[in-house]
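As structure tokens, the structure follows; a few thoughts come after it.
Both backbone and side-chain heavy atoms feed into the values below; hydrogens, waters and symmetry mates do not. Each ligand, and each atom within it, is numbered from 1 in the order the structure gives.
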Amino acid sequence: MTIQRTLSIIKPDAVGKNLIGRIYSRFEENGLKIVAAKMKHLNQKEAEGFYAVHKDRPFFAELVEFMTSGPVMIQVLEGENAVAKNRELMGATNPREAAAGTIRADFADSVGENAVHGSDSVENAAVEIAYFFAATEISPR
Ligand code: RTP
Ligand code: MG
């Protein structure tokens with residue numbers, strides 16, 4: 001059994017649609033514990049830095065504009081295989097391709113405005129958690 005931590009962001013579209021509680025329920029009902037959380041309205045520099053791996057992609061400017069368009073809810077999720085488990089609960093990037101019952105299938109509108117972010121590897125999870133949280137802000141195990 002591997003207990004992992006992963007970074008999750010509820011994006012501005014879902015925060016704006018009052019979906020924080022319903023998305024938190026998905027995490028909690030599926031064995032993921034919220035061990036740190038903060039609401040934040042990202043500025044351009046913070047969004048660009050967070051998504052720096054995508055800086056040469058054609059959708060980068062649109063992505064940064066969207067991620068800075070309103071507050072986001074940022075959390076650290078902990079649980080068994082948390083990285084893959086969260087990606088499974090999120091569903092595919094494009095909500096039209098997301099499996100039924102996933103967060104994106106149920107709550108997202110488009111490939112750009114797709115409700116949630118989740119770290120895609122254990123290595124990236126560690127980097128992304130450190131981007132937003134000091135170690136002292138996360139509940140100890
Ligand atoms: P995320 O990083 O937000 O968890 O999403 P992901 O892994 O499923 O997808 P990724 O390829 O990392 O893309 C990051 C975010 O960029 C936006 N995007 N827009 N317009 C487009 O074609 C397009 N493609 C990607 C989405 O918000 C995506 O979640
Ligand atoms: Mg990604």
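Residue contacts with ligand 1 leave out Phe66, since none of its heavy atoms falls under 4.0 Å from the ligand. Within the 4.0 Å heavy-atom shell around ligand 1 one finds Lys11. Not a single heavy atom of Arg57 sits less than 4.0 Å from an atom of ligand 1. Residue contacts with ligand 1 include Met90, since one or more of its heavy atoms lies under 4.0 Å from the ligand. Not a single heavy atom of Glu128 lies less than 4.0 angstrom from ligand 1.
Interatomic distance, Ser110 OG to Asn94 CG, rounded to the nearest 0.5 Å: 8.0 Å. How far CZ of Arg141 is from NZ of Lys33: 12.5 Å, rounded to the nearest 0.5 Å. Here the straight-line distance linking atom CZ of Phe66 with atom CZ of Phe59 works out to 13.0 Å at 0.5 Å rounding.
Here the closest non-hydrogen pair linking Pro12 and Val72 is CD-CG1, 3.4 Å.
At the top of the distance list for atom 15 (C) of ligand 1, counting protein heavy atoms only, stands Leu63 CD1, 3.9 Å. Nearest protein neighbour of atom 27 (O) of ligand 1, counting heavy atoms only, is Gly112 O, 2.9 Å. Of the protein's heavy atoms, His54 NE2, 3.5 Å lies nearest to atom 13 (O) of ligand 1. For atom 5 (O) of ligand 1, the closest heavy atom belonging to the protein is Arg104 NH2, 3.2 Å. Ranking the protein heavy atoms by distance from atom 16 (O) of ligand 1 puts Phe59 CE1, 3.3 Å first. Nearest protein heavy-atom neighbour of atom 1 (P) of ligand 1: His117 ND1, 3.1 Å. In terms of protein heavy atoms, atom 28 (C) of ligand 1 is closest to Asn114 ND2, 3.6 Å.
Among the atoms of Gly118, some N or O lies under 3.5 angstrom from an N or O of ligand 1. Ligand 1 has an N or O atom lying under 3.5 Å from an N or O atom of Tyr51, backbone or side chain.
Between the side chain of Arg5 and the backbone N or O of Ala125 there is no donor-acceptor pair closer than 3.5 Å.
The side chain of Arg87, and not its backbone, has at least one atom closer than 4.0 Å to an atom of ligand 1 (non-hydrogen atoms only; side chain from C-beta on).
Comment: Glu137 engages Lys38 in a salt bridge, judged by a side-chain N to carboxylate O separation of less than 4.0 angstrom. Look at Arg96 and Asp109 and you find no salt bridge, because none of the NZ, NE, NH1 or NH2 atoms lies under 4.0 Å from a carboxylate O.
In this structure, of Val111, Asn124, Thr93, the residue bringing a heavy atom nearest to atom 26 (C) of ligand 1 is Val111.
The 12-atom threshold is not exceeded at CG of Asn18, counting heavy atoms of other residues, nucleotides or ligands nearer than 6.0 Å.
When Asp106, Thr102, Asn86 are each tested for a side-chain hydrogen bond (donor to acceptor under 3.5 Å, both in side chains) with Arg26, only one passes: Asp106.
If you check the side chains of Gln44 and Thr68, you find no donor sitting under 3.5 Å from an acceptor.
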